[in-house]
Amino acid sequence: MSLLDRGASAPEENCRRLVVLGSSNVGKTSIIVRFLENTFVDTHTPTIEDFHRKVYKIRGEAYRLDILDTAGIHPFPAIRRLSYATGDIFIIVYDLTSRHSFNECQDILEQLYASKQGADDVLSPVPVVLVGNKLDRENARTVSFSEVKGLCEGSNPLIDCFEVSAKFNSNLEKIFIRLFEMAKLPVEMSPSMHRKVTPSYTGNNKPRRFNIGRKVSEACGVLQMNARRPSVATDLMVAKNRGSVKRSDSKETRRCTIQ
Ligand code: GDP
Ligand code: MG
């Protein structure tokens with residue numbers, strides 16, 4: 001069975017959606033591109049919403065990570081609320097040279113927590129990492145790290161913060177290791193900790209099968225090209241189901257369907 005096929009049938013507890021939030025122009029897309037391809041582009045192309053899927057085989061088990069790259073805070077508030085409801089783990093990015101972007105980061109955190117509050121007003125803890133990007137422009141900083149640390153203290157126990165530079169690839173790996181640790185996912189999902197498999201495509205645009213079954217101990221991952229974002233209708237259904245069924249309540253291992 002190919003790695004992509006394995007990813008498609010990963011058990012639900014091994015599938016997560018990572019949502020990357022924050023103001024426009026703070027470097028959300030750059031951080032995702034570093035995570036997926038370890039490259040950096042110096043230009044800014046405004047994102048409306050992008051979807052990526054990476055599947056892994058780690059210690060013999062299949063995992064799937066869906067990544068939602070979002071627009072800034074203002075456009076499409078309904079879609080943004082839906083991304084809070086359907087996301088499992090979150091990165092909220094601000095630009096450490098822009099106080100405005102940090103203020104928006106705090107607003108997003110509040111909105112996210114509000115959306116994760118159950119009917120009983122109890123917060124279901126969700127792993128969140130606050131990321132101050134553009135550390136290479138530290139001399140123009142307007143947000144101190146101690147202020148951000150202060151924000152993390154005493155709120156959700158599953159929150160942490162880092163300062164990074166997507167441009168120079170500094171500290172990026174720390175974000176993902178911490179996030180996966182908080183989400184109880186294998187740290188091998190982090191970029192430098194697994195072998196990257198590139199599916200070669202056959203003439204009819206179907207990925208050629210490749211056998212990765214030889215070494216059970218070796219972690220590997222593949223980026224699924226042209227992964228299609230689940231429809232808004234599917235997301236609405238997921239959000240509705242989550243209102244009544246918690247992941248941990250589910251005893252049976254449901255299979256994730258690939259949309
Ligand atoms: P998004 O709108 O939040 O997705 O931001 P982008 O990832 O498109 O980045 C916005 C702009 O910031 C682009 O011109 C990037 O090249 C630049 N940028 C992203 N990360 C960094 C960084 O770490 N340092 C510097 N100096 N510029 C960055
Ligand atoms: Mg973007």
Side-chain angles (χ1 to χ4, degrees), residues 17-54 65-84 86-87 89-112 128-145 147-149 151 159-179 190-192 223-230 232 235:
R17 180 181 284 188
L18 163 64
V19 181
V20 183
L21 300 157
S23 308
S24 179
N25 212 29
V26 294
K28 298 180 294 298
T29 301
S30 304
I31 288 171
I32 294 170
V33 170
R34 271 280 178 220
F35 175 76
L36 295 174
E37 294 162 23
N38 196 14
T39 53
F40 179 76
V41 180
D42 230 336
T43 50
H44 173 56
T45 311
T47 310
I48 295 178
E49 196 179 72
D50 281 336
F51 180 80
H52 309 274
R53 172 167 287 162
K54 184 151 180 175
L65 183 70
D66 288 349
I67 303 176
L68 205 59
D69 184 6
T70 66
I73 187 166
H74 293 302
F76 320 118
I79 293 286
R80 202 177 60 249
R81 278 198 300 276
L82 194 57
S83 72
Y84 297 157
T86 56
I89 54 181
F90 297 86
I91 292 177
I92 310 177
V93 187
Y94 63 93
D95 170 351
L96 56 73
T97 71
S98 157
R99 177 138 290 270
H100 175 71
S101 74
F102 181 58
N103 294 342
E104 289 202 337
C105 163
Q106 295 178 71
D107 292 344
I108 292 171
L109 186 63
E110 253 175 49
Q111 290 167 11
L112 174 65
V128 179
V129 173
L130 306 183
V131 175
N133 189 33
K134 309 197 184 180
L135 186 56
D136 53 286
R137 300 193 59 228
E138 196 175 7
N139 49 2
R141 104 161 38 235
T142 56
V143 183
S144 75
F145 192 47
E147 187 176 354
V148 189
K149 278 199 147 162
L151 180 67
I159 188 167
D160 211 337
C161 53
F162 297 95
E163 289 186 334
V164 307
S165 166
K167 185 170 184 169
F168 292 106
N169 200 13
S170 344
N171 285 348
L172 266 275
E173 188 110 22
K174 287 185 187 166
I175 307 174
F176 296 102
I177 290 178
R178 184 72 183 113
L179 206 50
S190 198
S192 73
L223 179 61
Q224 186 179 329
M225 307 305 278
N226 308 321
R228 204 150 56 86
R229 187 208 187 292
V232 169
D235 272 7

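Counting starts at 1 for both ligands and their atoms, in listed order. Positions are given from 1 along the sequence.
Residue contacts with ligand 1 for Val41 involve N, CA, C or O but no side-chain atom from C-beta outward (heavy atoms, distance under 4.0 Å). Of all the heavy atoms of Phe168, none lies under 4.0 Å from any atom of ligand 1, so neither backbone nor side chain is involved.
When hydrogens are left out, the protein atom nearest atom 8 (O) of ligand 1 is His44 ND1, 2.8 Å; that is the closest non-hydrogen contact. Looking at atom 23 (O) of ligand 1, its nearest protein heavy atom turns out to be Ala166 N, 2.9 Å. Ranking the protein heavy atoms by distance from atom 12 (O) of ligand 1 puts Lys134 NZ, 3.1 Å first. At the top of the distance list for atom 5 (O) of ligand 1, counting protein heavy atoms only, stands Gly27 N, 3.0 Å. Atom 19 (C) of ligand 1 has its closest protein heavy atom at Ser30 OG, 3.3 Å. Closest to atom 10 (C) of ligand 1, if we only count protein heavy atoms, is Asn25 OD1, 3.1 Å.
Of all the atoms in ligand 1, the ones that sit under 4.0 Å from a non-hydrogen atom of Arg137 are 26 (N). In summary, the atoms of ligand 1 found under 4.0 Å from a heavy atom of Asn133, numbered by their order in the structure, are 19 (C), 20 (N), 21 (C), 22 (C), 23 (O). Interface atoms of ligand 1 facing Thr29, defined by a heavy-atom separation under 4.0 Å, are 4 (O), 7 (O). Short contacts between ligand 1 and Ser23, defined as distances under 4.0 Å to a heavy atom of the residue, involve ligand atoms 3 (O). Residue Lys28 approaches ligand 1 through these ligand atoms, each under 4.0 Å from one of its heavy atoms: 1 (P), 2 (O), 3 (O), 4 (O), 5 (O), 7 (O).
Nearest heavy-atom pair, Glu163 versus Asn171, reported as atom, atom and distance to 0.1 Å: O-ND2, 2.8 Å. Of all heavy-atom pairs between Ser190 and Ile177, the closest is OG-CG1, 3.5 Å. Among all heavy-atom pairs drawn from Val128 and Leu112, the shortest one is CG2-CD2, 3.9 Å.
Nearest-residue assignment for atom 22 (C) of ligand 1 (options Asp42, Leu172, Asp136, Val164; heavy-atom criterion): Asp136.
No donor-acceptor distance shorter than 3.5 angstrom exists from the side chain of Lys28 to the backbone of Val93, with no hydrogens or angles considered. Asp50 contributes no side-chain N or O that, together with a main-chain N or O of Asp69, makes up a donor-acceptor pair within less than 3.5 Å. Looking only at distances, no side-chain donor or acceptor of Asp95 sits under 3.5 Å from a matching main-chain atom of Lys134.
Between Leu135 and ligand 1, no pair of N/O atoms sits closer than 3.5 Å. By the 3.5 Å distance cut-off applied to N or O atoms, Phe40 is not counted among the residues near ligand 1.
Side-chain contact between Phe90 and Ile108: absent, with no pair of heavy atoms (C-beta onward) separated by less than 4.5 Å. Using a 4.5 Å cut-off on side-chain heavy atoms (C-beta onward), Ser30 and Lys167 make no contact. Between Asp235 and Arg17, some side-chain heavy-atom pair lies under the 4.5 Å cut-off. Taking 4.5 Å as the limit, some side-chain heavy atom of Asn169 sits within range of a side-chain heavy atom of Arg34.
Crowding of Arg99 atom CZ: a count of heavy atoms from other residues, nucleotides or ligands under 6.0 Å exceeding 12.
For a distance bound of 2.8 Å, the N, O or S atoms of Ser30 include none lying that close to the Mg ion (ligand 2).
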